[in-house]
Amino acid sequence: MSHFARRIRYVVKRLLQAIPIVLAIVILNFLLLQLAEGDAVDVLAGEAGSATPEYMAELRAKFGLDQPLPVQLAVYLKNVMFFDLGYSFRHEMPVSELILDRMMPTLLLMVATITLAVGFGIFLGLVAAMGLNTWRDTAISIFALITYATPLFWVGLMMIVVFSLNLRWFPTSGMENFAMFYEGWDRVWDIAHHLVLPTITLSLFYLALYTRLMRASMLEQAGQDYVTTARAKGVTENRIMFVHVLRNALLPVVTMAGVQVGALIGGSVIVESVFAWPGLGMLAFEALFSRDLNLLLGIFLLSALLVVAVNLVVDIIYSTLDPRIEVS
Amino acid sequence: MSLRNWAAAALCTLGLALGAVPADAQKAGGTFVYLVQPEPPSLASYLSTSGPIGLVAPKIYDGLFDYDNDLNIVPALAESYEVSEDGKTVTFNLRQGVTWHDGAPFTSADVQFTVMSVLKEVHPRGPNSFREVTSIDTPDDHTAVFNLANPAPYMLRALSAYESPMVPKHLLEGTDIRSSDLATSPVGTGAYKFVEWKKGQYIRLDKNENYWKPGLPYIERIVGRFIPDASTRTAAMENGEVMYGAYGAIPNIDAVRLRDTDGFSVTTDGYSMINPMALIEFNTTKAPFDNSAIRKAISLAIDREFLIENIWFGYGKPATSALSTNFAPTGLYKAGLPNYAAKADVAGAIAMLDAAGITPDANGIRATAVLDLIPYGEDWRRAGEYMKQAMSEIGISLELRYEDVPTWLKRIYADYDFEMNINYFYQLPDPVLGVHRHYGTDQIRQGTHFVNSSRYSNPTLDALLASGAQEASATKRAEIYGEVQDILAEDMPVVNLFEMQFLTVYNEKLKDHATSALGAYGPFDRAWLDE
């Protein structure tokens, strides 16, 4: 069997294995969410001021909340099978539409953050490892420690105070300038401008992690036998570092990045909230407090799928980085 | 477009040409960005009185009336009205030449449909506001005659765009009103037209070129922005990205700082028709709070001035009765009632508890209770912490409980599983609209939010409330509500804490935004930007 065909088979097998996992996640999420007191009707009626019990019963019937739990679960599962994520009664929109709408901002923030955090983290880790125990190493380690230990919301607010209020370089919040409603390239530029502060804030946190990981990983690899062999062969120090060690040291970093892509969807709630970034994290957060369970389940399902997909991609990247790791 | 619409458009243009625009320096144009917090669930102001809906919908829909800052009636869709001698017929003369945003003419049929089929049926407070309305006659397109079973003087105070928006019959008739698309793409007669709602970001409204007030509105575009974090809202205000935030969108702690910053102002105007009152509800069916003595003692032991000064930064007025002093102009408010202390009267409270036989045990504790806190912000937690402290001085040991909104609503209004609950109620422009629901026996409605959760029931009071609702004579009404307040001060089923003053923070470039008694829930048709 050719290498390529084996890889396809592997991907298909992994995807099939994912089905029961995702199903279990959906059922578990559904049951867990039932533990929360109150339902969407309570919230809607509470916000509306006074609402009659008849009206609330009517709403419950309309939302299907009057059905017994197993029936609600069965209906939900059946819909999910047909790629129908249901209807958000709070937003009066199909869940898939809501999620898609928020997908772009989330992906923008996620990709920008991962790129910046991983790229910069690898760079800093490399610099630190190459200058082990010099002032550079110490400075980078202290920087990583501080950014990791500082609460995200505080960093975000300080960013706003410094770069928006004092220097007036960047807008405080939002994804676009709503007084202008730019179009075309102006809009792209405007969105990029709004993206800077949230990306830096969110990256700072993850950056520390990658820096530490990269540094440790580089040091570990540098002590391996193959490095000694290479050195004995007369390979230059730079080549050892950048071709031999770096490639091997990247493996744990890639693993970590894979794990965190999933976490980034939900983990950016704080940054989304501080910068009023219209992403999925905020949507999930609000959905929880308004007991919009269809929407919440939809977001959970999406992140479960994303984690499964990213793990698969990571495994494939592994085999590229280190050909000894075979997909089978 | 019908001939009449053409005529209306022509008249508007003529008005503009003849210089109907006042001679002041009002400037036309510009985009006005303001805070809408939190993001509303829909824009169906005919279905829900939810606060954030009120921030947007009255700019799209009109009411029959608006109200000025002295609560006088200002004609809106109704140019004038007459009340018959016996108070049982109210005739509204509607404005001619008004069109909906989709071009259809606004007529008396819309008024009839709105009140009878929408507000009376599906609005949370409509069934109460219009409860005496038995039918509406429409002798012609511009006359609506309300036939009442009994006089309903309070009804004329409930006709604003926020409280009773006029909605288009031609878009709602024959549909399920509760699930109509109108909820997310509203069509009104108001100063601004709905354009777009980007979930999680903003709602955009553009100027209605065919607005029935000639020359208005001045502003070209209105954008309501959603910013979840309070500190960021303040920063956005400081940075000039938003120009207006009401109903505590900017927390008091930041508002007082902005108040002292150049270019920003703070006002408490624009809330007199909302009349928010902070209060404590009790479960009056269970010991020890079934005894009015302990409730009165609690009222005496609270230092209302301390609460206002330290937690609300001086914005508020100690409660002195079950009714707000905002009812003083209509004569309904009664001053000089007992059991309301502005400063804590600990000795008086202890004496009252002793007299009622609620005595301390070996640890000095007379009663223990859980105090639930309304989950609408940090201020209420601080208030809870103060209460815990203050109550310990009269031997009542409190435990605080802070839950999320659905859990809290269910606990207080569906399960009645509480002892004390700190909360606030809108008293609205008339006691019938906002206060009766808190005390009437018929308002013990399990599962309905913001009604009589104390389950206090007093037939004498019920009778007074019933006659107060129907009394047309202002002096007689004042007498009735005087008695109501005497009874409530004596029985104290609810301890009213203080009349809340919400703060509106605005950029001084924004002018003439506070021309309506409804403030942020108003039409904003005369607002303009000086930039």
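Here is how names work: the chains are called A, B, and so on, in the same order as the sequence lines, proteins then strands, and each is numbered from 1.
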Check whether more than 12 heavy atoms from other residues, nucleotides or ligands sit under 6.0 Å from atom OH of B:Tyr416, and answer yes or no.
yes
So, the part of B:Ala183 with a heavy atom under 4.5 Å from chain A: the answer is side chain
Within 6.0 Å of CG in A:Leu100, more than 12 heavy atoms from elsewhere = yes
The reported gap from CG in B:Asp229 to CZ in A:Phe275 (rounded to nearest 0.5 angstrom) is 9.5 Å
| request: Inspect the surroundings of NZ in B:Lys198 and state if more than 12 heavy atoms from other residues, nucleotides or ligands are less than 6.0 Å away. | output: no
Is there side-chain contact between B:Pro228 and A:Met282, with at least one heavy-atom pair below 4.5 Å?
yes
Q. Do other residues, nucleotides or ligands put more than 12 heavy atoms under 6.0 Å from B:Asp442 CG?
A. yes
(message) Would the distance check show the side chain of A:Thr172 and the main-chain N or O of B:Ala235 forming a donor-acceptor pair, the cut-off being under 3.5 Å?
(response) no
Turns out that what part of B:Tyr202 lies under 4.5 Å from chain A's heavy atoms comes down to side chain
Residues pairing under salt bridge (charged side-chain N to carboxylate O under 4.0 Å, His left out) where one sits in residues 162-174 of chain A, two or more places apart or in two chains, turn out to be none
Between B:Thr184 and A:His91 the two heavy atoms that sit nearest each other are CG2-O, 4.4 Å
Residue from B:Val223, B:Val33, B:Asp404, B:Ile227 scoring the most non-hydrogen pairs under 4.5 Å with chain A is B:Asp404
So, the part of A:Leu283 with a heavy atom under 4.5 Å from chain B: the answer is neither
Hits for salt bridge (Lys or Arg N to Asp or Glu O under 4.0 Å) against A:Glu176, two or more places apart or cross-chain, chain-then-number order -> A:Arg187
Cut-off 4.5 Å, heavy atoms of chain A, and the answer for B:Arg204 is side chain
Under a 4.5 Å heavy-atom criterion, the part of residues 102-110 of chain A in contact with chain B comprises A:Arg102
d(A:Met93 CE, B:Trp197 CH2) to nearest 0.5 Å is 9.5 Å
Q. Under 4.5 Å between any side-chain heavy atoms of A:Ile160 and B:Asn239, yes or no?
A. no
Bottom line for B:Gln446: the part with an atom under 4.5 Å from chain A's heavy atoms is backbone
Here the pair of heavy atoms bringing A:Ala276 nearest to B:Arg225 is CB-NH2, 4.3 Å
Are any of the side-chain heavy atoms of A:Ser173 and B:Glu241 separated by less than 4.5 Å? yes
Residue set satisfying side-chain hydrogen bond (donor to acceptor under 3.5 Å, both in side chains) with B:Asp254, at least two apart, ordered chain then number -> B:Thr234
*State whether the number of non-hydrogen atoms from other residues, nucleotides or ligands found under 6.0 Å of A:Phe153 atom CZ is greater than 12.*
no
Max heavy-atom pairs within cutoff under 4.5 Å with chain B, candidates A:Ser164, A:Gly156, A:Gly279, goes to A:Ser164
B:Thr407 side chain reached by A:Arg291 side chain, heavy atoms, under 4.5 Å: yes
